[in-house]
Amino acid sequence: MHRKEFRELISIEDARHLVDEIAVQPTNKSTLIENALGCIIAEDVVSDVDVPSFNRAVMDGYAVCAKDTYNASETGPAKLKSIGSIPAGCTDKFSVTEGTTVEIATGAPIPDGADAVLMVEHTEREDDDIRVYRPVHTGENIMRAGSDIMRGERVLRKGSRIGSREIGVISAIGKREILTRSVKVGIISTGDELIQPGESLKEGKIYDTNTYALAASIMECGGSPIMYGIARDDETEMKGAIEIAVRECDIVLTSGSTSAGAGDIIYKIIEDKGTTLAHGINIKPGKPVVIGLIANVPTIGLPGNPTSALTIFNELVAPMIRRAVGTKEELRSITSAILNTSFRSEGRQQFLPVGLVRGKAYPADKGSGAITTLADADGFIEIRAETEFIEAGTPVEVTLFGDVSKPDVLLVGGYCPGVDLLEDMTGLNFRVLNTGSSGGFSATSAGNADIAGVNMPDSSGEYNIPIIKGMGLSDVVLIKGYRREQGLIVRHDSDISGLEDIIGKRLINRNRGSGTRALLDLKLRELAGQKGMSHRDLTRSIIGYDSGAKTHRAVCDAVRNGRSDVGFGLRAMADEADLKFIKVAVEEYDFLVQKDLLEIDEIKALLECLTSGEFAERLPAGIFVHERTGEIGYEL
Ligand code: AMP
Ligand code: MG
């Protein structure tokens with residue numbers, strides 16, 4: 001197949017109009033209330049009964065004629081004769097007349113003649129003689145029949161979603177089953193590279209994210225997802241899956257294989273088996289989209305990239321499902337925020353994912369290939385094609401993705417298990433972006449981090465401060481953190497026992513920008529000096545010196561499974577992976593904090609925790625506080 005270009009990109013508005021025209025038939029079914037959570041109600045629910053169905057007591061006490069108590073007081077109690085007792089659920093008939101009363105329990109039916117309930121606390125009893133110390137008024141402590149729900153009253157509206165409260169109401173009116181409405185939405189993921197979560201990860205494979213993220217999104221809209229699993233990049237296999245799904249579902253979604261690359265065949269299948277309504281939308285993320293109809297079933301080819309797939313789902317598919325089930329609830333809410341960094345557009349309409357921390361919107365755009373764009377984003381800003389530039393500090397409207405957990409602190413920088421401990425101990429909700437120390441410095445400089453965790457040495461061996469000076473950072477303080485043992489990570493049977501032994505061995509190095517890589521480099525420079533070699537010659541003799549694993553854990557994995565002989569990282573990580581650790585250096589891990597945040601409660605709590613005895617005690621092996629922990633080490 002030759003490369004196919006997108007023929008005509010349509011705008012997102014036109015795509016919205018297009019899907020508005022597509023009619024989707026919902027399916028109604030009777031659902032037991034215990035299975036109805038999250039379902040959409042297909043018809044108005046009207047009560048056949050009064051709730052409560054009789055006048056009932058709302059307090060433990062005595063059912064009385066209110067006027068018998070009007071003159072009662074602490075000093076001049078009224079006297080009544082008790083003629084019986086009514087527990088909850090009692091069907092015995094009593095009649096209260098002037099001068100008499102009946103003892104009554106909360107929830108029990110009010111006897112004839114009584115028009116109020118006197119709280120037991122305001123009475124005193126001696127045999128059947130009741131002394132009343134306070135007056136009650138007519139109707140006091142009585143819940144009238146039908147006062148909660150009246151017979152004939154509409155208690156729930158068609159199209160509303162059933163939550164715990166709704167289930168309570170439906171059971172209170174005595175219904176066990178209700179009619180719910182759904183649309184069946186089939187999901188097919190495509191791609192030879194995909195494997196199912198739960199399987200072990202193999203070289204070159206990635207986990208199928210779209211199936212599960214889409215299934216959950218469909219449920220959020222009141223639809224029922226049907227998962228057809230992964231179709232290989234094979235026209236026959238994809239066609240087969242689509243044929244089955246179209247027969248069984250009201251809407252069919254595929255993901256992947258929609259872009260104009262050679263292997264991208266969804267478009268061709270839809271074109272062969274039905275009609276294509278659109279191929280390509282002029283939006284970022286999400287351009288490669290196919291919208292078609294096969295046997296009258298809307299069949300949407302979503303982009304493969306998870307962020308794009310979910311964005312297009314939210315824009316085009318969610319409204320279709322919500323309309324079909326008849327729900328009026330608007331899942332998305334909009335909040336105002338202040339854009340934290342200036343943004344320059346590409347002149348294309350765009351949904352820019354942003355994270356929200358304490359009212360500020362931080363662009364969270366790692367490119368549409370990253371699921372974490374969505375994990376780190378709380379919503380998006382819609383940017384029109386004609387907008388070229390938005391200045392930092394501009395108020396923006398953020399469309400939220402469903403329920404948003406509100407992070408208290410945005411922490412960017414080098415990974416550290418000590419940070420996880422700080423989060424656990426303070427109970428604060430951190431958003432942690434593990435970018436490495438360099439990323440921490442630059443995010444701080446751009447105002448895109450509340451705190452950066454940094455462990456970057458310069459050539460003199462001093463940590464962090466030379467970098468701050470070099471970058472000319474201002475309005476920040478450096479809070480001294482803790483020390484961490486860094487060293488070689490090898491298998492237990494390795495013959496490596498020191499830095500010198502890694503010459504000629506296969507090293508898994510860390511990514512450029514990580515403080516850990518910079519530290520190894522510093523130590524190698526020292527070693528080269530001792531050996532009278534150039535640093536360059538030394539590093540060239542280490543196989544894999546140019547490699548760049550993003551995380552400590554990736555380093556340990558490579559060593560464990562034998563792809564590499566040696567890595568460099570934290571003792572805590574070697575311990576966790578059951579590998580041998582050979583200490584090479586002790587480094588300083590510090591916190592760079594925006595100065596204006598020092599006074600906010602979240603940061604105060606964090607500093608308090610950092611200097612607490614419990615924190616020192618709970619740090620993992622190889623990480624320890626020191627005499628300067630919590631001190632302001634540098635201020636600008
Ligand atoms: P494609 O359009 O098939 O080339 O897919 C675009 C990108 O999305 C590729 O990097 C795919 O590996 C990725 N991708 C496709 N489907 C999925 C999926 N179900 N889960 C996660 N990533 C996917
Ligand atoms: Mg693909």
Side-chain angles (χ1 to χ4, degrees), residues 1-7 9 15 185-219 225-242 244-245 249 251-271 276 278-292 299-318 351 353 364-377 401 550:
M1 208 195 322
H2 65 254
R3 196 177 166 82
K4 181 172 220 111
E5 293 306 327
F6 288 108
R7 294 162 312 168
L9 296 182
V185 186
I187 309 170
I188 303 165
S189 282
T190 71
D192 286 342
E193 75 281 26
L194 301 180
I195 58 171
Q196 274 199 38
E199 289 177 13
S200 65
L201 197 56
K202 293 179 200 70
E203 191 82 38
K205 301 282 182 181
I206 60 170
Y207 287 118
D208 173 11
T209 305
N210 292 342
T211 293
Y212 301 95
L214 288 170
S217 307
I218 290 164
M219 287 195 278
I226 300 179
M227 300 191 275
Y228 291 93
I230 300 161
R232 300 288 137 207
D233 281 320
D234 170 88
E235 191 167 333
T236 322
E237 194 171 326
M238 286 188 206
K239 212 180 228 170
I242 291 177
I244 297 172
C249 300
I251 300 176
V252 173
L253 305 179
T254 66
S255 72
S257 284
T258 52
S259 51
D264 297 319
I265 34 195
I266 291 294
Y267 163 71
K268 189 162 166 287
I269 295 174
I270 295 181
E271 185 79 356
T276 317
H279 184 196
I281 300 179
N282 194 10
I283 186 77
K284 178 188 172 182
K287 171 171 140 182
V289 181
V290 188
I291 304 174
T299 306
I300 319 283
L302 297 170
N305 287 319
T307 303
S308 312
L310 285 180
T311 305
I312 296 299
F313 176 91
N314 286 333
E315 288 305 309
L316 301 181
V317 185
F351 297 126
D365 197 0
K366 291 191 195 168
S368 47
I371 180 72
T372 51
T373 297
L374 287 185
D376 294 334
F401 297 131
K550 278 268 323 229

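Whatever order the structure lists them in is the order used to number ligands and atoms, beginning at 1. Below, each value reflects all heavy atoms present in this structure, side chains not excepted, and no hydrogens, waters or symmetry copies.
- Under a 4.0 Å criterion applied to the non-hydrogen atoms of S189, ligand 1 contributes the atoms 19 (N).
- When I266, N305, T209 are ranked by how near their heavy atoms come to atom 10 (O) of ligand 1, first place goes to N305.
- Considering only non-hydrogen protein atoms, atom 18 (C) of ligand 1 sits nearest to N210 ND2, 3.3 Å.
- Considering backbone and side-chain N/O atoms, T211 never comes within less than 3.5 Å of an N/O atom of ligand 1.
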Subject >> Residue pair T190, E237: steps toward the side chain to side chain contact (heavy atoms under 4.5 Å, CB included) verdict >> reply: CA-CA 10 Å; T190 71; E237 194 171 326; over 6 Å; no
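- Here the CD1 atom belonging to I251 is positioned 11.5 Å from the CD1 atom belonging to I226, to the nearest 0.5 angstrom.
- Below 4.0 Å from some heavy atom of E193 lie the following atoms of ligand 1, by number and element: 11 (C), 12 (O).
- Side chains of T211 and S189: a donor on one and an acceptor on the other come within 3.5 Å.
- Side-chain contact between I281 and L316 is present, with at least one heavy-atom pair separated by less than 4.5 Å.
- Taking the side chain as every heavy atom from C-beta outward, I269 and M238 approach each other to under 4.5 Å.
- Neither the backbone nor the side chain of P303 has any atom closer than 4.0 Å to an atom of ligand 1 (non-hydrogen atoms only).
- Atom numbering of ligand 1 starts at 1 in the shown order; those under 4.0 Å from a heavy atom of P306 are 21 (C), 22 (N).
- Within the listing of ligand 1, atoms 2 (O), 3 (O) sit less than 4.0 angstrom from a heavy atom of G256.
- Between the side chain of K239 and the main chain of I266, no donor-acceptor pair closer than 3.5 Å is present.
- Nearest to atom 3 (O) of ligand 1 by heavy atom, out of S257, A213, G304, is S257.
- Judged by distance alone, the side chain of Y207 and the main-chain N or O of E199 form a donor-acceptor pair under 3.5 Å.
- Those atoms of ligand 1 that come under 4.0 Å of a heavy atom in Y207, given as number and element, are 20 (N), 21 (C).
- No side-chain heavy atom of L214 sits less than 4.5 Å from a side-chain heavy atom of P225.
- Residue-ligand proximity, D208 to ligand 1, at heavy-atom distances under 4.0 Å covers atoms 18 (C), 19 (N), 20 (N).
- When L214, I230, D192, I206 are checked for heavy-atom proximity to atom 22 (N) of ligand 1, I206 turns out nearest.
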